[in-house]
Participant: 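Here's a structure for you.
Proteins come first, then strands; the chains are lettered A, B, ... in the order of their sequence lines, and each starts at number 1. Because the structure is predicted, anything quoted here is derived from the model rather than measured.
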Amino acid sequence: MSKGHFGIHGGQYVPETLMNAVIELEEAYDRYKDDEQFNRELDYLLNEYAGRPSRLYYAQRMSEDLGGAKIYLKREDLNHTGAHKINNVIGQCLLAKRMNKTRVIAETGAGQHGVATATVAALMGLECEIFMGQEDIIRQSLNVYKMRLLGAKVNSVTTGTATLKDAVSQTMREWTNRISDTHYVLGSVMGPHPFPTIVRDFQSVISKEIKEQILEKEGKLPDAVLACVGGGSNAIGAFYNFIDDSSVRLIGLEAAGLGADTDKTAATIAVGKLGIFHGMKSYFCQDDYGQITPVYSISAGLDYPGIGPEHANLKDIGRAEYYPITDEMAVKAFEYLSKMEGIIPAIESSHAVAYAMLLAPTMKKDQIIVVNLSGRGDKDCVSIAKYRGEEINE
Amino acid sequence: MNKINEVFKNGKAFIPFITVGDPDIDTTEKLIYALDEAGCDLIELGIPFSDPTAEGPVIMSASERALKNGICTDDVFTLVRKVRKTTQIPLAFMTYANVIFSYGIERFAINAEKVGIDALILPDVPFEEKREFDDVLLKHNIDLISMIAPTSKNRVTKIAKEANGFIYCVSSLGVTGERSNFSSNLKDLIDNVKSIRPDLPCAIGFGISNPEQAEAMARISDGAIVGSAIVKIVDRYGKDCVDEVSKFASAMKDGVRKAN
């Protein structure tokens, strides 16, 4: 009957019109996930096109400056298109080709998933349409230009709060309109089954590599793995292969915006309640009557009122911890890592860096923190400058 | 026993949809009386949701307007309790899973039964997820209406077998909203449902906006469901929409009658 559950979370809450589409996707994924030829193509593109494996870099100056645990940065920002998003997109577009789909559609918040989808669509000769909230189009105009340059059509979503949540809704509506030739490349570990599982599997290459790399460099597992969480794809990717290693703390950092105790926040675990939305049962920011409440974060990529069902379950069973990080803390971390290591992190990833800055000094020098640096920060320079009261031209 | 079995007993049915609280709760009340007098057979009352993913722009905007008016689930119950003193027309709620889930499924079902609701339509709860809702609703004599779409294919049998009340047949791909073309396999779809459940009425919805379309849809099924075309009139005329909606509903009902 009901499928795709993580504890009490997950499921397939989509209109009947889409049910056979998600079933078709599940069947295709089951057929190809262990298929030798499929995995050969996937590995080839991940390595030769996206630039994997990504480096696990010892941030020595940062570690010494904070005076506690050794900090390693998993450099997903060095992937082609500048974020972890491409791992999932290559996998899903290969699946789409196998399913004889000629067109892909996708939502995007910060634009990273949109750019990754437009990129792989160009590579594979797929028609591509991206749905992006009008607010985010303003915040991330460079990424909008890139998507168009790559041949994608970018649709502005003006409904609701005109951000990521509304972009997801509109992409679902578009999929309902046109299913037979179209695959929805969902960008995070959310939505109806099988998306949370498919996206997690394609992103789990991150923790697979971290494990190999840290064992090679340090001969032991890390004490903590940190990642920012919106929907939660880079975090689940960084956590997945450590879930059974109970000595490894798994810590997700949510976007608190102006503070989890204010109404300008996107910290779903901190303030959300169990609900059903965007195809899944999970935690959502909502009012007493189940209306999804507007969320806020300086980071367009974390500006989402829900969290993936597997994270909700990891929270329930106490396997992962989730903490809110404010805009101010994230911006400070953005500036700190730039000056300390010469690495400009995405404002999303800066939420994880911010927690490392708090956590490392409380740990011993022989302990290890891995921070998943999910993306690069070039796209954020204009908005961070503005946050600091400086106007710059792109 | 709820009143859904009465909906189709006088021939082909005409089923209008309105969003509660659009343009305001008093007008919604007047609309319910007017639609009853216009000969409608069942009224779908939309409980507004912030993010209605199965709706096109017209009903989405209506939801936004209603929420801006501060309408909440309890206001909707209050309204239904009030109109039930005047009209016994069958009533269904249409809303989204989270509205019910967050309210508490049991608490929602108890209140809905108490005020006199007969059925519930949840477009984001497919067959696979319905049990959690259906088990509770049935205890309170409320039919959870099953939907079937042109893409349902091999799913029709299991959906029809377990369906209650009537089947809501989606006319075509896409979200709600007016359109000129409907799926070409609709008749086969309905015939298929009928072969599995001869006892179960089927009504077609999504995209029907004029009497000719309503008649055509009623010819191949047991009734026509119309939402966006009515909500559009409500939007255009605001508080003065009651007469216009009434005229439109009468014309649509006449169209449906021709199919008898």
Participant: Between B:T151 and A:T17, is there a donor-acceptor pair closer than 3.5 Å when you use the side chain of the first and the backbone of the second?
Facilitator: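 It does hold such a pair.
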Participant: Would you say the side chain of A:Q12 lies within less than 4.5 Å of the side chain of B:E129, judging by non-hydrogen atoms?
Facilitator: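 Yes. Closest side-chain heavy atoms under 4.5 Å.
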Participant: With a 4.5 angstrom heavy-atom cut-off, is it the side chain or the backbone of B:I148 that approaches chain A, or both, or neither?
Facilitator: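 The answer is the backbone of B:I148.
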Participant: Would you mind checking which part of A:F277 comes under 4.5 Å of any heavy atom in chain B, side chain (CB onward), backbone (N, CA, C, O), both or neither?
Facilitator: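 For A:F277, side-chain heavy atoms alone lie under 4.5 Å from chain B.
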Participant: Would you call B:K153-A:E24 a salt bridge at under 4.0 Å N-O?
Facilitator: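 The answer is no: the pair does not qualify as a salt bridge.
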Participant: Using only atom types and a distance under 3.5 Å, with no angle test, would you say the side chain of A:N20 pairs donor to acceptor with the backbone of B:S152?
Facilitator: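 Here the side-chain-to-backbone pair exists.
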Participant: Just wondering, are more than 12 heavy atoms of other shown residues or ligands nearer than 6.0 Å to NZ in B:K194?
Facilitator: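 Check passes, neighbour count above 12.
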Participant: Roughly how far, to the nearest 0.5 Å, is the CD atom of B:E55 from the OG atom of A:S169?
Facilitator: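 Here the interatomic distance stands at 11.5 Å.
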Participant: Quick one: are A:T176 and B:L173 in side-chain contact, heavy atoms under 4.5 Å?
Facilitator: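 The answer is no, as the side chains (C-beta and beyond) never meet within the 4.5 Å cut-off.
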Participant: Quick one: what part of A:D166 sits under 4.5 Å from any heavy atom of chain B, side chain, backbone, both or neither?
Facilitator: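 Interface part for A:D166: side chain.
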Participant: Non-hydrogen atoms of chain B under 4.5 Å away: do they reach the side chain of A:E174, the backbone, both or neither?
Facilitator: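 Contact with chain B is absent: no heavy atom of A:E174 under 4.5 Å.
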Participant: Might you point out which heavy atoms bring A:Y13 and B:P126 nearest each other, and give the distance in Å?
Facilitator: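 Heavy atoms of A:Y13 and B:P126 come nearest at CA-CD, 4.1 Å.
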Participant: Do the non-hydrogen side-chain atoms of B:F127 and A:M19 ever get within less than 4.5 Å of each other?
Facilitator: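 Of all side-chain heavy-atom pairs linking A:M19 with B:F127, none is under 4.5 Å.
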Participant: Ignoring hydrogens and geometry beyond distance, is a side-chain donor-acceptor pair present between B:Y103 and A:D288 at under 3.5 Å?
Facilitator: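 No pair is found: no donor N or O on one side chain lies under 3.5 Å from an acceptor on the other.
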Participant: Does any heavy atom of chain A fall under 4.5 Å from the side chain of B:E132, the backbone, both, or neither of them?
Facilitator: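 Just the side chain, heavy atoms under 4.5 Å.
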Participant: Out of B:S146, B:C72, B:S61, which one racks up the most heavy-atom pairs below 4.5 Å with chain A?
Facilitator: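 Heavy-atom pairs under 4.5 Å are most numerous for B:C72.
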Participant: Which value, rounded to the nearest 0.5 Å, describes the distance between B:S102 atom OG and A:L274 atom CG?
Facilitator: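 That separation rounds to 10.0 Å.
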Participant: Sub-3.5 Å donor-acceptor pair from the side chain of B:S50 to the main-chain atoms of A:I292, do we have one?
Facilitator: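 Here the side-chain-to-backbone pair exists.
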Participant: Looking only at heavy atoms, what is the nearest atom pair of B:G174 and A:N177, with distance?
Facilitator: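 Answer, listing the atom of B:G174 first, then A:N177: CA-OD1, 3.2 Å.
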Participant: Tell me, out of B:M60, B:K130, B:K158, who's got the most heavy-atom pairs with chain A below 4.5 Å.
Facilitator: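 Highest number of pairs under 4.5 Å: B:M60.
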Participant: Based on non-hydrogen pairs under 4.5 Å, which of A:P192, A:G275, A:G160 is most in contact with chain B?
Facilitator: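 Ranked by heavy-atom pairs under 4.5 Å with chain B, first place is A:G275.
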Participant: Is A:K273 close to chain B through its backbone or its side chain, or both, or neither, when contacts mean heavy atoms under 4.5 Å?
Facilitator: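 When you check distances to chain B, no heavy atom of A:K273 falls under 4.5 Å.
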Participant: Using a cut-off of under 4.5 Å on heavy-atom pairs, state which of A:A21, A:P15, A:S180, A:G279 scores highest against chain B.
Facilitator: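 Of the candidates given, the most pairs with chain B belong to A:P15.
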Participant: Test your reading of the model: is there a side-chain donor-acceptor pair from B:N98 to the backbone of A:G290, 3.5 Å cut-off?
Facilitator: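 It does hold such a pair.
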Participant: Could you look at B:P48 and say if it's the side chain, the backbone, both or neither that has a heavy atom under 4.5 Å from chain A?
Facilitator: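 For B:P48, backbone heavy atoms alone lie under 4.5 Å from chain A.
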Participant: One thing to verify: whether B:R155 and A:E16 come together as a salt bridge, which I'm taking to mean a side-chain N less than 4.0 angstrom from a carboxylate O.
Facilitator: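 Yes, A:E16 and B:R155 are salt-bridged.
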Participant: Can you measure from CG (B:D51) to CD (A:Q291) and round to the nearest 0.5 angstrom?
Facilitator: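 If I round to the nearest 0.5 Å, the distance is 8.5 Å.
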Participant: Give me the atom names and distance for the closest heavy-atom approach of A:I23 to B:E128.
Facilitator: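 Smallest interatomic distance, heavy atoms only, reads CD1-OE2, 4.4 Å.
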Participant: Below 4.5 Å from any heavy atom of chain A, which atoms of B:V170 appear? Answer side chain, backbone, both or neither.
Facilitator: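 For B:V170, side-chain heavy atoms alone lie under 4.5 Å from chain A.
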Participant: Examine whether an atom of B:L67 lies under 4.5 Å from a heavy atom of chain A, and if so say whether it belongs to the side chain, the backbone or both; otherwise answer neither.
Facilitator: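 The side chain, not the backbone.
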